[in-house]
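Read the structure below first, then the notes.
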Amino acid sequence: MMTAMRVLMAVAGLVLALGGPRMPKGGGVLDGFVIGHVPREVGPSTSDFESEPEDGVRFTSRVSERETADGGHSVDLMVIVVRADSLATLGDLRDFMSAYHERDPASWTKVQVGARPGLKDAGRVFWLVEPGVAISIMIDIARFGAGELMAVAESVRRQ
């Protein structure tokens, strides 16, 4: 009996050490924010970008993608830190994101991300961290589902 227990403990330790198939992984630090959870199946190619899609608005993005069967690439996950003095309220952020994504402002659904109110659709969630700073997360909803979108969002915290 004692030998069987040792074998089970050794196997459990090995699974934990190797990171079982559903074990979450972190996404590192992006512009002062820790991405605490990234689905394990997210593609291995990760790149960071900085851009100014509009005067006075700065994006710092982390994009994780995978190679597709046809030799192309597909984005699995994108985390963006949005900084702009013009984003004082969630309404300001909603209006900006709606214009940026060419969407009707009423098309977003209200959601809570931790203690913060946010807005989402099937594959994207965004919220105001504080006036002037927001987070936007996009996930390939067909591969990962809405639960993973919110798990990534809930894991983001200041460094």
- Task: With Val42 as reference, evaluate Ile139, Val75, Asp76 under the side-chain contact (heavy atoms from CB on, under 4.5 Å) test and give the passing residue.
- Result: Asp76
Ignoring hydrogens, what is the shortest heavy-atom contact between [X] and [Y]? Give both atom names and the distance.
X      : Y      : answer
Gly36  : Ser155 : N-OG, 3.2 Å
Val57  : Ala84  : CG2-CB, 3.8 Å
Pro39  : Glu148 : CG-OE1, 3.5 Å
His37  : Ala151 : CD2-CB, 3.7 Å
Val111 : Leu119 : CG1-N, 3.9 Å

- Applying salt bridge (charged side-chain N to carboxylate O under 4.0 Å, His left out), which residue pairs with at least one partner in residues 91-106 are found, sequence neighbours left out? Arg103-Asp121
- Note on the structure: Residue pairs meeting salt bridge (charged side-chain N to carboxylate O under 4.0 Å, His left out), one or both in residues 46-63, sequence neighbours left out, come to Asp31-Arg58, Asp48-Arg62
List the residues meeting side chain to side chain donor-acceptor pair (under 3.5 Å) with [X], not counting sequence neighbours, and say none if there are none.
X      : result
Thr68  : Asp70
Ser51  : none
Ser64  : Thr46
Arg116 : none

- Item | Pairs where residues 128-157 contributes a residue and the test ring pair (Phe, Tyr, Trp, His ring centres under 6.0 Å) is met, not counting sequence neighbours | none
- Query: Which residues satisfy the ring pair (Phe, Tyr, Trp, His ring centres under 6.0 Å) test with Phe59, sequence neighbours excluded?
  - Reply: Tyr100
- Task: Go through the structure and list residues passing salt bridge (charged side-chain N to carboxylate O under 4.0 Å, His left out) with Arg157, not counting sequence neighbours.
- Result: none
Same cluster or not: [X] versus [Y], using hydrophobic residues (I, L, V, M, F, W, Y) connected whenever any side-chain heavy atoms lie under 4.5 Å apart?
X      : Y      : value
Val82  : Val156 : no
Met78  : Leu149 : no
Trp108 : Val152 : no
Ile141 : Ile80  : no

- Item | Members sharing Val34's hydrophobic cluster (side chains within less than 4.5 Å) | Val29
List, one per line, each side-chain donor-acceptor pair under 3.5 Å for residues 125-138, sequence neighbours excluded.
unit_1: Glu130; atom_1: OE1; unit_2: Arg158; atom_2: NH2; d: 2.7
unit_1: Glu130; atom_1: OE2; unit_2: Arg158; atom_2: NH2; d: 3.3
unit_1: Ser136; atom_1: OG; unit_2: Arg124; atom_2: NH1; d: 3.4

- Task: Show your working on side chain to side chain contact (heavy atoms under 4.5 Å, CB included) between Asp140 and Arg66 and close with a plain yes or no.
- Result: CA-CA 11 Å; Asp140 181 341; Arg66 63 187 156 77; 3.5 Å; yes
